[in-house]
Amino acid sequence: MRLLLYTAAYPSPAAPDRAVFVETQARELVRRHRVRVLAPRVHAGDPRRERRSGVAVRRFAYASGGRLLRDRPRPGPVVLGSWAMSSAGALAAEVASFRPDVIYAHWALPCGPFAVAAAAVARRPLVLAVHGSDLEVQARRSARWAALAALGLRRAEAVLADSEDLAAQAVALGAGEARVEVLRGVPGEGFAPGSRIEARAALGLAPEARLALFVGDLSADKGADRLAAAAPSWRSWQVAALGGGPWDDALRRAGVRVLGVRPNEEVAVWMRAADLLVHPSRHEGTPVAILEALVTGLPVAASRVGGVPEVVVEGVGGWLFPGEGPVPPPPGDRDLARAREALLLDAARQRAGGRARLARLEAVLERAAATGPEVVRRRARTLERARAALAATARRRGRVLDAGAGSGAAARHLSDSGFEVEAVDLCPSSPTEYPVRRWDLSLGPPAAPCGPGGTFPPGVGYDLVLCLDVLEHMDDPTGVLTSLAAALREGGELVLSLPNERSLAPPGRARHRHRFGPGAAVRLARAAGLTVVSRSRLSVVPPRWGEPARALGRCLAALWPGAFAIGELVCARRIDGLPPGPEALGPGWSASPPARRLAP
């Protein structure tokens with residue numbers, strides 16, 4: 001499998017500690033797959049191309065000023081414009097030359113919108129990982145930033161969140177709940193329990209000294225200012241900070257030993273030598289530094305923010321304090337000893353959890369790759385019909401029945417748009433993007449061999465019923481449509497689409513039992529006792545050609561539907577009483593007598 005790992009941060013010779021968890025994933029994935037990394041070139045001394053730990057890395061230059069976008073509270077138009085142009089060009093070039101099976105993007109902002117565009121043009125699936133600063137900080141700057149973050153979350157085949165809290169935020173921004181999976185980071189190599197005495201001897205530390213360790217960017221977001229305020233009161237403790245950032249001078253003045261950026265191998269030695277990891281961050285996903293400490297057997301004192309409470313158990317290997325305010329003093333020696341003992345007993349399980357998370361990541365990427373360009377193209381066509389259905393009806397909330405849901409792509413889109421959706425199909429595909437249950441109608445081919453489980457006769461009282469490209473497969477289109485109309489509440493709407501078999505671009509006649517032309521959808525809706533309120537023709541011009549070409553396609557579809565309309569979409573309403581057809585209202589939704597073949 002070919003993976004293009006597109007990220008907003010990646011380690012480099014000038015900043016080897018930056019986003020190490022992304023490199024850890026890349027180093028593991030490259031053992032079994034072909035991996036290429038695309039990342040920003042933050043420092044002028046960083047090579048544009050290099051191979052790090054067997055992974056090919058390409059960096060695109062922009063007006064960084066030596067700082068990442070996330071490190072700027074308000075990036076100006078020059079910085080944003082240069083990042084956008086350089087990133088988009090490099091991404092397009094990599095997709096064209098590498099031809100990845102999956103685009104795997106890190107951070108919904110700033111990478112998400114560009115990854116969505118590249119995946120759409122290349123017809124490749126997108127997997128998007130969110131880590132905290134993208135949703136916790138950048139998406140909250142304004143409604144416009146939130147909309148940009150939502151773009152990637154809604155279009156990705158899968159969304160990987162560092163914590164349950166981040167997963168909930170992703171769902172709130174529009175990611176379908178079925179596509180969001182909590183997948184925390186993976187500790188790097190070398191993090192494991194070891195001899196504390198040997199580690200201290202290697203670092204030149206006294207065996208009896210008590211050492212508190214901070215690992216991360218020395219920034220206010222990570223709580224470096226809080227550490228600087230608390231350190232002078234920890235009289236019997238040595239405090240060391242591994243990392244760099246704007247608060248390094250203030251920490252030195254507070255008596256903290258600032259060691260700067262260190263490679264992972266040295267960080268692991270410091271964790272084996274320390275008595276406590278202090279992590280006073282203001283917002284987080286799930287910090288990899290905390291996961292590495294737990295694997296090493298190092299107790300943790302951290303802010304109760306983001307996904308930290310999900311991995312640090314209060315009083316058992318760790319202590320939690322508020323995300324704002326003063327940092328409390330370290331625990332006593334007896335509490336630290338008990339916490340270290342508990343963590344050392346649990347270290348094997350923690351390491352096994354890291355390996356299991358890597359296996360889950362590979363499984364997600366392989367599922368995304370299995371969709372392939374043909375499935376992505378077919379799903380785009382289905383979603384186009386779902387969006388047209390939303391445009392055809394004024395309803396934006398309510399109870400919906402998606403009859404003939406297939407893989408559930410349209411149902412997922414409608415659910416993300418705020419509807420309460422029930423999806424049914426005669427032969428549900430596997431796997432599905434939305435829970436699709438088997439629809440038992442005594443129509444068309446037998447339903448029994450099509451899938452496991454029981455049957456699902458839909459109820460009544462739906463606000464909206466979708467029947468998108470379904471009737472051409474049925475023996476009795478009128479009977480099926482009458483049955484669906486009976487499920488509507490009074491005033492409810494049914495959206496029907498039919499393929500135009502006379503079009504220059506027919507969607508495949510081989511599996512169709514009926515051939516339809518322009519006007520057939522209107523006649524079927526009226527035959528089912530419904531009142532047509534709107535109709536539109538779906539153009540043969542695909543969405544990727546752009547809005548000007550689509551506008552021309554819509555004009556041609558209206559003027560010459562037999563050739564330039566790929567199908568017809570009709571919105572019909574149940575105005576008064578029940579639709580005709582007593583057979584359609586009986587138990588089990590039995591069919592009405594076979595209808596004539598409708599070919600205009």
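Computation of the quantities below employed the complete heavy-atom set of this structure, encompassing side-chain atoms and omitting hydrogens, waters and symmetry-equivalent molecules.
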- Verify side-chain contact (heavy atoms from CB on, under 4.5 Å) between Leu365 and Tyr104, making sure each step is shown before the conclusion. CA-CA 8 Å; Leu365 295 171; Tyr104 179 28; 4.0 Å; yes
- Task: Begin from the C-alpha positions of Val495 and Val465 and carry the test side-chain contact (heavy atoms from CB on, under 4.5 Å) through to its verdict.
- Result: CA-CA 6 Å; Val495 179; Val465 171; over 6 Å; no
- Task: With side-chain contact (heavy atoms from CB on, under 4.5 Å) as the test, would you mind laying out the steps for Asp402 and Val424 before giving the verdict?
- Result: CA-CA 6 Å; Asp402 185 1; Val424 297; over 6 Å; no
- Test log, rule side-chain contact (heavy atoms from CB on, under 4.5 Å), inputs Leu153 and Leu128: CA-CA 7 Å; Leu153 295 171; Leu128 180 62; 4.0 Å; yes
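Contact of the Leu484 side chain with the Leu494 side chain is registered, since non-hydrogen atoms from C-beta on lie closer than 4.5 Å. In this structure the side chain of Val130 never reaches within 4.5 angstrom of the side chain of Trp107, judged on heavy atoms. Looking at Phe60 and Pro40, their side chains come closer than 4.5 Å, going by heavy atoms from C-beta outward. The closest side-chain heavy-atom distance from Val364 to Val127 is below 4.5 Å. Annotation: side chain of Arg367 is not in contact with side chain of Glu157 (no heavy-atom distance under 4.5 Å). Contact annotation: the side chain of Val570 never approaches that of Ser534 to less than 4.5 Å [non-hydrogen atoms, C-beta and beyond].
Residue Leu5 holds its CG atom at 12.5 Å from CZ of Arg36, rounded to the nearest 0.5 Å. For the atom pair Glu420 CD and Tyr462 OH, the distance stands at 9.0 Å (nearest 0.5 Å). If you take CE on Met474 and OG on Ser483, they are separated by 10.0 Å, rounding to the nearest 0.5 Å. Expressed to the nearest 0.5 Å, how far OH of Tyr6 lies from CZ of Phe114 amounts to 5.5 Å. A distance of 8.5 Å separates OG of Ser497 from CG of Leu471, quoted to the nearest 0.5 Å. A distance of 7.0 Å separates CG of Leu468 from CG of Leu569, quoted to the nearest 0.5 Å.
Shown here is Glu366, whose CD atom has more than 12 heavy atoms of other residues, nucleotides or ligands within 6.0 Å. Crowding of Arg32 atom CZ: a count of heavy atoms from other residues, nucleotides or ligands under 6.0 Å exceeding 12.
With hydrogens and angles ignored, the 3.5 Å screen pairs a side-chain donor or acceptor of Asp134 with a backbone N or O of Ala108. Here the side chain of Ser97 pairs a donor or acceptor atom with the backbone of Ala93 at under 3.5 angstrom. Using a distance-only test at 3.5 Å, with no hydrogens or angles considered, a donor-acceptor pair links the side chain of Ser82 to the main chain of Val79.
Of the charged side-chain nitrogens involved, at least one lies within less than 4.0 Å of a carboxylate oxygen, so that Arg399 and Glu422 count as a salt-bridged pair. A salt bridge links Arg489 and Asp463; the closest N-O separation between the charged side-chain nitrogens and carboxylate oxygens is under 4.0 Å. Residues Arg573 and Glu493 are paired through a salt bridge, judged by an N-O separation under 4.0 Å between the basic side chain and the carboxylate. With salt bridges taken as basic N to acidic carboxylate O contacts below 4.0 Å, one links Arg184 and Glu310. The pair Arg58-Glu94 meets the salt-bridge criterion, since a charged nitrogen lies less than 4.0 angstrom from a carboxylate oxygen. Between Glu181 and Arg357 there is no salt bridge, since no side-chain nitrogen of the basic residue lies less than 4.0 Å from a carboxylate oxygen of the acidic one.
The minimum heavy-atom distance linking Val159 with Ala170 is given by the pair CG1-CB, 4.4 Å. Pairing each heavy atom of Asp476 with each of Gly479, the nearest pair is OD1-N, 3.0 Å. Closest heavy-atom contact between Pro435 and Ala423: O-CB, 3.7 Å. Nearest heavy atoms, Gly152 versus Val116: CA-CG2, 3.5 Å. Closest heavy-atom contact between Leu109 and Trp145: CD1-O, 3.5 Å. Across every non-hydrogen atom of Ala167 and Val180, the tightest pair is CB-CG1, 3.7 Å.
Not counting sequence neighbours, Arg99 has no partner by the side-chain hydrogen bond (donor to acceptor under 3.5 Å, both in side chains) test.
You'll find the ring centres of His106 and Tyr10 outside the 6.0 Å limit.
A donor atom on one side chain and an acceptor atom on the other are not found under 3.5 Å apart for His131 and Glu284.
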